[in-house]
Peer 1: 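So that we are looking at the same thing, I have put the structure below in structure tokens.
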Amino acid sequence: MRSMSALPEHGIPAERVLEELRAMRGADLPTHGGRLFAYVYDPGLPGLDELAAAAHALSAHVNGLDPTAFPSLLAMENDLVGAAVQVLGGDEHTVGSVTGGGTESLILAVKAARDAHPEIAAPRLVMPVTAHAALAKAAAYLRIALDTIPVDPHTLRVDPAAVAAAITPDTVLVACSAPSYAHGLIDPVEPIAAAAAAAGVRCHVDACFGGWTLPYLRRLGEPIPPFDLSVPGVTSISVDLHKYAYTPKGVSVLLHRTEALRAPQYFGYADWPGYTMVNPVISSTRSGGPIAAAWATLRHIGDDGYLALAERTRDATRAIAGAVEKIEDLAVVPRESTVVAFMSTGVDLFVLADELAARGWHTQPQFRHGEIPPSMHLTVTAAVAPRVAEFEADLAEAVAAARAHGPVQLPDGILDLLASAGVDQLAGALGLGSGGALPERMAVVNTLLNVVDPAVRERLLVAFLSLLQRPSPRP
Ligand SMILES: *Cc1c(COP(=O)(O)O)cnc(C)c1O
């Protein structure tokens, strides 16, 4: 994409700036319409975007830094937290915070757990290896050692006894998922939380993905095991409103069972000549825009609206899983939430992802991890429902094309290049342009990333992103 000066010599009229922006947005994957099975959550409700945008605009310049200056924001945050308490099994003791996203909620849950134990010099976090990468990020940021517990590579389940056995006197937090992002499976929260409680350790449930669907799916009769604050031993839980509450990006909620558990999450500082800074979350100045947009979205959709959306999403998830099941060589992970994940015993998944993309369906390939095979991830939202028949036909075609194509052959010498060359050279050999151009077909790149170890994968992708993130040249 051509870059433009964000600081032209002479300012540009508003209407033209918007035209430019619309033109740039044309290069993005589609955020609406149920063809992108990751990153975006589309309820397919007419008028909702307009409402959220109007609410966002009304509060965009309100600053969450000081809720006493902007009581509207305090009220809306308390309303959002109250809604999460209602949905996630809280009671009159439950408190919480609105954060900017799932990662921030998780960092804060880990920080609160760490700072509750200043006497522990080398704190540790125990979690199944399937827990979200954001928890590893929290551990890295906060200098907490990570004990990841392997899962059975066939069932993808963690043994709660193995989680319990990993808890040591240095463990400040046990975390688990409801459900996991990668495969959409719900960890055995009850025995994990019981083990944590028995050891006197906090237990966080990462329901960032599923916190706004699982309770509704249960009301629809799906067999959802207990996972929320109703489970003894669960001390905190997170839910992203910018996922299945279908709000614009930038809103998650972190709940704690009691105010005492939340206390170490806060940061207060008066030891300077300026204002006393008191922050519940990582950011200090925060826009009221996302919070107002979320508040408007929840009030507009309502409990009955979310139930109806969950029903549509469940039906779409079932139908998509059914379409995948019909294909020989593809094996669907048992469906417990709104994710359809599948492995392959024949057709090359990375080629299949390209073939689907060529037909306008954007899926998320996931790499091998230890004995866990590579898989395809599809986040299914309500907007997918009217597209199922179309998807099924295109999937069959894409599988046939992928079979005809056969598995990816890595270019000769690429693994040697990997060992010796810089990322620029490697990127060149793989057809990754500077300036953000990805090749039409990603199967070769994905195959390479799939065969290397996670540490190499990290190094390559960090370096590649760093290549992309360069300032636009001076006009
Ligand atoms: C999305 C997600 C996160 C991270 O949330 P962000 O909003 O992307 O920061 C954490 N955990 C789970 C299970 C998720 O699905």
Side-chain angles (χ1 to χ4, degrees), residues 29 31 36-42 80 84 87-88 96-111 113 125 127-142 146 148 151 156 158 173-189 192 203-215 217 224 227-228 234 236-255 281-283 286-287 290-291 293-294 297 313 317 333 335-341 363-364 366 369 375-381 465:
L29 290 177
T31 57
L36 172 52
F37 291 100
Y39 311 117
V40 299
Y41 298 78
D42 181 9
L80 292 174
V87 168
L88 293 173
S97 302
V98 176
T99 75
T103 301
E104 186 177 359
S105 290
L106 294 173
I107 291 173
L108 290 168
V110 175
K111 177 213 167 340
L125 164 59
M127 65 186 201
V129 71
T130 46
H132 197 280
L135 281 158
K137 176 174 170 177
Y141 273 27
L142 297 164
L146 201 54
T148 51
V151 298
L156 305 167
V158 75
L173 184 67
V174 174
C176 56
S177 314
S180 64
Y181 178 81
H183 304 113
L185 295 177
I186 304 167
D187 280 330
V189 175
I192 289 175
C203 175
H204 180 79
V205 175
D206 177 4
C208 282
F209 187 84
W212 221 260
T213 49
L214 296 182
L217 292 174
I224 305 295
F227 71 94
D228 60 15
V234 171
S236 59
I237 188 166
S238 49
V239 57
D240 290 352
L241 301 186
H242 63 204
K243 289 180 179 160
Y244 282 100
Y246 295 113
T247 75
K249 299 283 182 254
V251 190
S252 171
V253 175
L254 170 62
L255 297 179
V281 297
I282 296 177
S283 294
R286 301 194 273 162
S287 171
I291 291 164
T297 299
T313 307
T317 311
V333 174
R335 188 180 47 79
E336 283 191 345
S337 58
T338 54
V339 171
V340 174
T363 55
Q364 195 167 47
Q366 304 180 130
H369 185 269
S375 58
M376 196 88 102
H377 169 107
L378 278 68
T379 289
V380 180
T381 59
L465 190 60

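Model, not experiment: these values are computed from the prediction. Note that ligands are numbered from 1 as they come in the structure, with each ligand's atoms numbered from 1 the same way. Index from 1, following the sequence.
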Peer 1: Just so I know, are the side chains of F209 and V339 near enough to count as touching, which here means a heavy-atom distance under 4.5 Å?
Peer 2: yes
Peer 1: Side-chain contact, heavy-atom cut-off 4.5 Å: T317 with R335?
Peer 2: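 The answer is yes, as the side chains (C-beta and beyond) meet within the 4.5 Å cut-off.
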Peer 1: Can H377 and Y181 be said to form a ring pair (Phe, Tyr, Trp, His ring centres under 6.0 Å), step by step?
Peer 2: CA-CA 9 Å; H377 169 107; Y181 178 81; 4.1 Å; yes
Peer 1: Please identify which atoms of ligand 1 are closer than 4.0 Å to at least one heavy atom of K243.
Peer 2: 1 (C), 2 (C), 3 (C), 4 (C), 5 (O), 14 (C), 15 (O)
Peer 1: Check the pair V40, L29 against side chain to side chain contact (heavy atoms under 4.5 Å, CB included), reporting the backbone distance first and the verdict last.
Peer 2: CA-CA 10 Å; V40 299; L29 290 177; over 6 Å; no
Peer 1: Out of the candidates L185, T148, T130, D187, only one should pair with V158 under the side chain to side chain contact (heavy atoms under 4.5 Å, CB included) rule; please name it.
Peer 2: D187
Peer 1: Under 4.0 Å from a heavy atom of T103: give me the atoms of ligand 1 that qualify, with their elements.
Peer 2: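 By the 4.0 Å cutoff, the relevant atoms are 4 (C), 5 (O), 6 (P), 9 (O).
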Peer 1: Give the single entry among H132, K249, E104 that approaches atom 12 (C) of ligand 1 most closely by any heavy atom.
Peer 2: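 Nearest heavy atom to atom 12 (C) of ligand 1 lies in H132.
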Peer 1: Got an N/O contact under 3.5 Å between D240 and ligand 1?
Peer 2: yes
Peer 1: Minimum distance, heavy atoms only, to atom 5 (O) of ligand 1: which one of P179, S177, G102 is it?
Peer 2: G102
Peer 1: Give the numbers and elements of all ligand 1 atoms closer than 4.0 Å to a heavy atom of Y181.
Peer 2: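 Listed by number with element, the hits are 15 (O).
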Peer 1: Atoms of ligand 1 less than 4.0 Å from H242 heavy atoms?
Peer 2: 7 (O)
Peer 1: Output the list of atoms in ligand 1 that are nearer than 4.0 Å to some heavy atom of D206, sorted by atom number.
Peer 2: 10 (C), 11 (N), 12 (C), 13 (C)
Peer 1: Taking side chain as C-beta onward, heavy atoms only, is L108 less than 4.5 Å from I282?
Peer 2: yes
